[in-house]
Each structure stands twice: as C-alpha cells, then as structure tokens.
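Here is the structure we will look at.
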There are 2 protein chains.
Amino acid sequence: MVNTPPTGLAQPSSLRTTLNDRGQRLTPQRQRVLDLFERIGEGSHLSAEEVHLRLVRSQERVSLATVYRTLRLLSSMGLLQELELPEGGRRFELAGDAHRDHHHLLCVRCGRTEEFESGSVLAAGEAAAGAFGFRLLECVLNVRALCPNCAAEEQG
Amino acid sequence: MVNTPPTGLAQPSSLRTTLNDRGQRLTPQRQRVLDLFERIGEGSHLSAEEVHLRLVRSQERVSLATVYRTLRLLSSMGLLQELELPEGGRRFELAGDAHRDHHHLLCVRCGRTEEFESGSVLAAGEAAAGAFGFRLLECVLNVRALCPNCAAEEQG
DNA sequence: GTCGATGCAAAGGCTTTGCACAGCC
DNA sequence: GGCTGTGCAAAGCCTTTGCATCGAC
C-alpha cells in the first residue's frame, strides 16, 4: 500500500526498495546522481555531461558511462524526467508532481529560457489524454518565441 | 510591405524571393525538399533520413548532407518547423499557422503518438509569452502518457 | 559467493564540415 | 563568370556497449 504512488513518483528513501524490487542494487554512484538532483532542486535541468562534471568537481567519483546508465535507470524508475528542450541536447531533471505541469518559454534566437506553470495547460493535457484513453504522466508546453531583445533586432 | 508575415510564414512562391533577399539561391534540391513537405501535408513529421529516403525513392537526387543543410535552412527561414518529439530523433514538419497550436500525446512505453489542437493551450502560451515580453512563434504541448494498452500492461 | 554495476576504451548513430566541382543569377 | 550550393567522404559530437574487475546483497 505504500509502494508506488500513482504518478510514478518515489521517495528518496524508497530508492533502495524500488531497486531491490527490480533485482537491482543501490550503489554509491546511483545515490550520488540522485543526490545531486535533489541538491539542485526541481527546477534545474542538467545534461549527462553536466551531471558528470558536477560530481567530479565535488570529488564524487563516477564515470561518464555510469552517469548515462544511471540517468536512464532513474528515468525509467520515474525519479527523473527527461526533458526535450528545443535546440539543446537531452536533459534531465528531478521528477515531481509539480513537473506534471512545467513549461518552457524559449527564445529561438539567443536561447534564453524562462519557466512557468499553467493550470489550464495541464487541464488541456488531461482532456486530450482522456479523449484518447491515455493516462497522463507529464505535460510539457514548449513555447518557442523571440525574447524582447531578439525581437527588436529581428525587426532591424 | 509584403515581405515577411509576422509569424515567419512564407508562401511557397516566395521561396525564391526570400532566398534572393538573403543572397541565396533556389536550387532543385531545395525545391524538392520543400515540395516533399507540401506533398505530405502539415501533419507529418519526418527525420532527415526519411526525407532523404523519400526523395531518393521518387528519383529525386539529393545527398543526405544537402538534406541536412536544407532542413536547417528552411527552418531558419520559418518554412519548416523543428519538432522535439520525446525519445526520438530530430524531426521536421511544414510550418503553418495551424502549427502554432499543435500538440502531441505520446505513449512513453510503445511510442504511439496522437495529435490534437487546443485553443486553451495556445492562449496559455500567449499569456506566458506576454508576461515575459516574448513574441510567440509556436506553441507545442507534449503530453507524455501511457496509451490504454500500455497502461493495462503496466498494471500487470 | 553470486550476480549486478562500474570503468575504461572502443564502437555506434546521427549530424556537420572540408574540398573540388557543378550550376544558379 | 562569379560565387553559392552540392556531393562525397572524413571528422565530430553524444551516447551506448563489451569486457574485465569490483562490490552490494
């Protein structure tokens, strides 16, 4: 009854349990990667390379290959969420209920990114999912736009 | 005054003009790539490789490198739109006003993809863009979900 | 002690780039 | 005819994988 919440979210403390259930192990490396994401908070998105760099910087030994493997594992467990930020590489962030409704406003010219939330978007996503009989996991709105500076220069 | 429409959309017939304005040329290859997208319609998203394959199949000689170059060019001109479908490679589709409000419902397990539109999402995107002073170009909602089949199997 | 995880380095996709030739304006 | 675009093949990312060793359970 206390196992897996409906959204796929899991408590940090349940990491070991969840791994054990799958016949997998809690290694320092996996813990370090997850800790890093919890340390930086829900809003931040990191690439595999950035995760690796940060861990190495703080003397936490992990190989890049393991970072890739771990990111994939934690995502498949629902602890991390893979993002699709336009014009960027693959990025990951901590999953959480908040992120079911987590949106990006991106300047396609300079790359400036702003984040926002919107209940109405989530509602629309739920409506669409319902219409097709899907079960909604996450709802990400990418708004591609021009920031004020770049819009001004485009006018040129 | 008849130059660039506010959305960055351009008529096929203006392809030559737009290219000329930039000191670039209308080549058969560029025309073929754009034609292909117009032939298949607004809803379809193709990868570079798929574009290449389809052109080669219909005897239209273009190299893969040129396809990549052309996709980038046409995107920068606003004629094509780059998509970020989760767990997939880069894909392109014909840009159009319709696509300012063009959303995807994706099963994260089997990859099944459905499309839908939603005025309320576009409204939310516009509100967010406005709040930060951005000029909205496009609004893409990616709903990550489980399709009925996969949801049933996950319950397992 | 067993079996999964790690690290390293090599292999693998996909995408971009250098260069000589072709062809649009 | 000049200068941009193309094709080819090589180079470049980013990511995954094979294999021997390490270490969690």
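Note on naming: letters A, B, ... go to the chains in the order of the sequence lines (proteins, then strands), and numbering restarts at 1 for each one.
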For this session: Evaluate the side chain to side chain donor-acceptor pair (under 3.5 Å) criterion for residues A:Ser58 and A:Glu60: first the C-alpha distance (whole Å), next the side-chain angles of each, then the deciding distance (0.1 Å), finally the verdict.
Result: CA-CA 5 Å; A:Ser58 46; A:Glu60 306 181 89; 3.0 Å; yes
Problem set entry | Phosphate contact (D:dT16 OP1 or OP2) by A:Tyr68 side-chain N/O below 4.0 Å | no
Exercise. Using a cut-off of less than 4.0 Å, is there contact between a side-chain N or O of B:Arg72 and OP1 or OP2 of C:dT17?
Worked result: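 Affirmative; the distance criterion is met.
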For this session: Give A:Arg69 one of three labels, base, sugar-phosphate or nothing, depending on what nucleic acid heavy atoms sit under 4.0 Å from its own.
Result: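 A:Arg69: base contact, heavy atoms under 4.0 Å.
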Under 3.5 Å: donor-acceptor pair, side chain of [X], backbone of [Y]:
X       : Y       : result
B:His52 : B:Val62 : yes
B:Arg32 : B:Arg61 : yes
A:Arg30 : A:Arg25 : yes

For atom [atom1] of [X] and atom [atom2] of [N], their distance in whole Å:
X       : N      : atom1 : atom2 : answer
A:Leu73 : D:dT15 : CG    : P     : 17 Å
A:His52 : D:dT16 : NE2   : P     : 15 Å
A:Arg32 : C:dT6  : CZ    : P     : 10 Å
A:Arg22 : C:dC3  : CZ    : C1'   : 17 Å
B:Arg91 : C:dT15 : CZ    : P     : 10 Å
B:Glu50 : C:dC14 : CD    : C1'   : 13 Å
B:Arg90 : C:dG13 : CZ    : P     : 18 Å
B:Met77 : D:dG5  : CE    : C1'   : 14 Å

Problem set entry | Carboxylate-amine/guanidinium proximity below 4.0 Å for A:Glu50 and A:Arg91 | yes
For this session: Fit a plane to each ring of A:His104 and A:His45, take the angle between them on a 0 to 90° scale, and name the class: parallel (under 30°), tilted (30 to 60°) or perpendicular (over 60°).
Result: perpendicular
Exercise. Which nucleotide in the set C:dA5, C:dT17, D:dT16 lies at the smallest distance from any side-chain heavy atom of A:Arg30?
Worked result: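 Selected nucleotide: C:dA5.
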Exercise. Which listed nucleotide (D:dT6, D:dT15, C:dA5) is nearest to the side chain of B:Thr66?
Worked result: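 Closest nucleotide among those given: D:dT6.
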For nucleotides 22-25 of chain C, list the nitrogen or oxygen atoms of the protein found under 3.5 Å from its nitrogen or oxygen atoms, one pair per line.
from	atom 1	to	atom 2	distance (Å)
C:dG23	N2	B:Arg25	NH1	2.4
C:dC24	O3'	B:Leu26	O	3.3
C:dC24	O2	B:Arg25	NH1	3.2
C:dC25	OP1	B:Arg16	NH2	3.0
C:dC25	OP1	B:Leu26	N	3.0
C:dC25	OP1	B:Leu26	O	3.4
C:dC25	OP2	B:Arg16	NH2	2.7

Problem set entry | With B:Thr27 via side chain to side chain donor-acceptor pair (under 3.5 Å) - residues at least two apart | none
For this session: On DNA chain C, check which nucleotide each of A:Arg61 and B:Leu64 is closest to and give me the residue with the more 5' one.
Result: A:Arg61
Exercise. Hey, which of these two, B:Val62 or B:Gly23, hits DNA chain D nearer its 5' end, going by closest nucleotide?
Worked result: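 Per heavy-atom nearest nucleotide, the more 5' residue is B:Gly23.
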